[in-house]
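All chains are named by letter (A, B, ...) in the order of the sequence lines, taking the proteins before the strands, and each is independently numbered beginning at 1.
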2 protein chains.
Amino acid sequence: MPPPTDLIRQTPLFRGLDDSALRSVIAEARGSRLPAGNILFHQNDALARLWVVTAGRVQLFQLTPEGHQVILHIAGPGQEVGLLPALTDAPSPVSARAVEDSSLLAWRAEDFRALMRGHPQLGFNAIAILGEHIRLYQDRIRELTTERVERRLARTLLRLAKQLGKRTPEGVLIDLPLSRQNLAEMSGTTLYTASRILRGWEDAGIVSSGRERVVIRSPHKLVTIAEDLQR
Amino acid sequence: MPPPTDLIRQTPLFRGLDDSALRSVIAEARGSRLPAGNILFHQNDALARLWVVTAGRVQLFQLTPEGHQVILHIAGPGQEVGLLPALTDAPSPVSARAVEDSSLLAWRAEDFRALMRGHPQLGFNAIAILGEHIRLYQDRIRELTTERVERRLARTLLRLAKQLGKRTPEGVLIDLPLSRQNLAEMSGTTLYTASRILRGWEDAGIVSSGRERVVIRSPHKLVTIAEDLQR
DNA sequence: CGTTCTTTTGAGACAGCTCAATTTACGTGG
DNA sequence: CCACGTAAATTGAGCTGTCTCAAAAGAACG
């Protein structure tokens, strides 16, 4: 199976490259598969490669010494994993795990940096990606320090919907196996509180959720909660 | 007064440049002053410039619609301000204010990007800086979701000590006007809780604090609290 | 030496956590 | 297709860390 050129072309990391550059990029890619649940790398690992997800979902997270997991990002098709360590030669600050059966393309970090020297556009793309992460993280810090759980949960769902949402007849499906526990780890709360809030929203007709599955029936009402516009 | 070449040479943004590159950089710099309390820019502003602090302290923060302030970073001499908007042409996600009388060097964003094209080292430096911020923000998110206030406050002080600490006979002085309110805004708590915890540490001989002033007498004990090694 | 801002302290409330027990949903193998 | 085992989700009850609000004391500064 040849690397999916069209997907790569539209990837944040490789967008805007001319055809010859794209060919060099693809020439050095290696494909691989990562079954659901498998770890791609651990935090503090030195990484020699960077990846782009072509199918499935890869979760970036940290574990605390006490065993709590914090989910920092979920990368879907077109998104890169391990970019920062590949660029800076520092160990990875996060761990990565497939939450669905996934396919990836990999480049050797070294080769990628060589490509970057030849194609400055890659550098600008990398900066844009890191910048986007910085903005998201700053927002989360602000939310965690100033907002209550319900608002944070609403924001988490809206962020997921924007990134991985899929229109269905019942509403916007978060297209990802998503337990209450996962939701808690993304919102800074506990499984139990997340469950209670989801239940409340279910009763209010805002969401429709099941086992590891959430559909947003009324995104508008969720925004209302996230922005605290309700009264 | 000529731009301080030596300081610029050791700045994370401009380090590793050869002398001719450094001369071009300095040629385009414009100096300015920013008295304590003054705003450099607001969040959502489109910025046409980027700055490097040469003296004083510049605080990066966000304000919530409810009026809560969250401090995301404090830039001291050698550190850059407004880098991300300058690189990506997007509005600034944060506001910036001098917390002491400060001096800055400014470059037009446009000029800086031109310099970057001529000197790839600048691009790598920028990436390293953004990467460092990402790591710090990820750590803070993990702390905010899994740790209690006392540990977070300890970490905040240790981070400040590392960045802006000054050895004195009594201990490590956080060299910055730092109110309980500010500390709370950096740690994700309230003025009152921060005050109580500081008081406790004062009684335990760990810190020695006064009006807008903190000295760490026993960094070791603070680490013990931050890492929850105490018993 | 009065004004203003910071810090401290008390008292009470409550959002959210913890722990335990039960119910529900799903997948598997007989 | 049903029964069983396992993991997710729900729900209750009680606790507590932290916030809120109010008031007073302390520090800086003209």
Peer 1: Using only atom types and a distance under 3.5 Å, with no angle test, would you say the side chain of B:Q163 pairs donor to acceptor with the backbone of B:I74?
Peer 2: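 Flag set: sc B:Q163 to bb B:I74 pair under 3.5 Å.
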Peer 1: Should the heavy atoms of other residues, nucleotides or ligands under 6.0 Å from CZ of A:R148 be counted, would the total exceed 12?
Peer 2: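 For A:R148, atom CZ is not crowded (no more than 12 foreign heavy atoms under 6.0 Å).
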Peer 1: Rounding to a whole Å, what distance do you find between A:L183:CG and C:dG16:P?
Peer 2: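 Rounded to the whole Å, the gap is 15 Å.
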Peer 1: Starting at CZ of A:R152 and ending at C1' of C:dC17, how long is that distance when rounded to a whole Å?
Peer 2: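 It is 12 Å, rounded to the nearest whole Å.
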Peer 1: To the nearest Å, how far apart are B:L144 CG and C:dG16 C1'?
Peer 2: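 Result: 16 Å.
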Peer 1: If you look only at distance, which donor and acceptor atoms sit under 3.5 Å apart when one is on a side chain in residues 63-70 of chain B and the other is two or more places apart or in another chain?
Peer 2:
from  : atom 1 : to     : atom 2 : distance (Å)
B:T64 : OG1    : B:E66  : N      : 3.3
B:T64 : OG1    : B:E66  : OE1    : 3.4
B:T64 : OG1    : B:G67  : N      : 3.3
B:T64 : OG1    : B:H68  : N      : 3.0
B:E66 : OE2    : A:R151 : NH1    : 3.3
B:Q69 : OE1    : B:R97  : NH2    : 2.7
B:Q69 : NE2    : B:E185 : OE1    : 3.0

Peer 1: Please, which pairs that meet salt bridge (charged side-chain N to carboxylate O under 4.0 Å, His left out) have at least one residue in residues 36-63 of chain A, sequence neighbours excluded?
Peer 2: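 Pairs touching residues 36-63 of chain A that pass the test: A:R57-A:D175.
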Peer 1: For B:L178 and C:dT6, what is the distance between atoms CG and P respectively, to the nearest whole Å?
Peer 2: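 Result: 12 Å.
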Peer 1: I'd like a list of close polar pairs between nucleotides 19-25 of chain C and the protein, N/O only, cut-off under 3.5 Å.
Peer 2:
from   : atom 1 : to     : atom 2 : distance (Å)
C:dA25 : N3     : A:R211 : NH1    : 3.1

Peer 1: In whole angstrom, what separates A:R213's CZ from D:dA9's P?
Peer 2: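 Checked: the CZ to P distance equals 12 Å.
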Peer 1: Report the distance from atom CD of B:E212 to atom P of D:dA28, rounded to the nearest whole Å.
Peer 2: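 Spelled out: CD on B:E212 to P on D:dA28 is 10 Å.
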Peer 1: Rounding to a whole Å, what distance do you find between A:I197:CD1 and C:dG16:P?
Peer 2: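 Distance check: A:I197 CD1 to C:dG16 P gives 7 Å.
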Peer 1: So what does A:S209 hit on the nucleic acid, given a heavy-atom distance under 4.0 Å: a base, only sugar-phosphate, or nothing?
Peer 2: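 Result for A:S209 = nothing.
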Peer 1: Between A:L191 (CG) and C:dG16 (P), how many Å, whole number?
Peer 2: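 Rounded to the whole Å, the gap is 16 Å.
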Peer 1: In this structure, which one of B:I197, B:L153, B:T193, B:N182 forms a side-chain contact (heavy atoms from CB on, under 4.5 Å) with B:S187?
Peer 2: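 The single option meeting the side-chain contact (heavy atoms from CB on, under 4.5 Å) with B:S187 is B:L153.
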Peer 1: Counting any heavy atom closer than 4.0 Å, what does A:S179 reach on the DNA or RNA strands: base, sugar-phosphate only, or nothing?
Peer 2: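 A:S179: backbone/sugar contact only, no base atoms under 4.0 Å.
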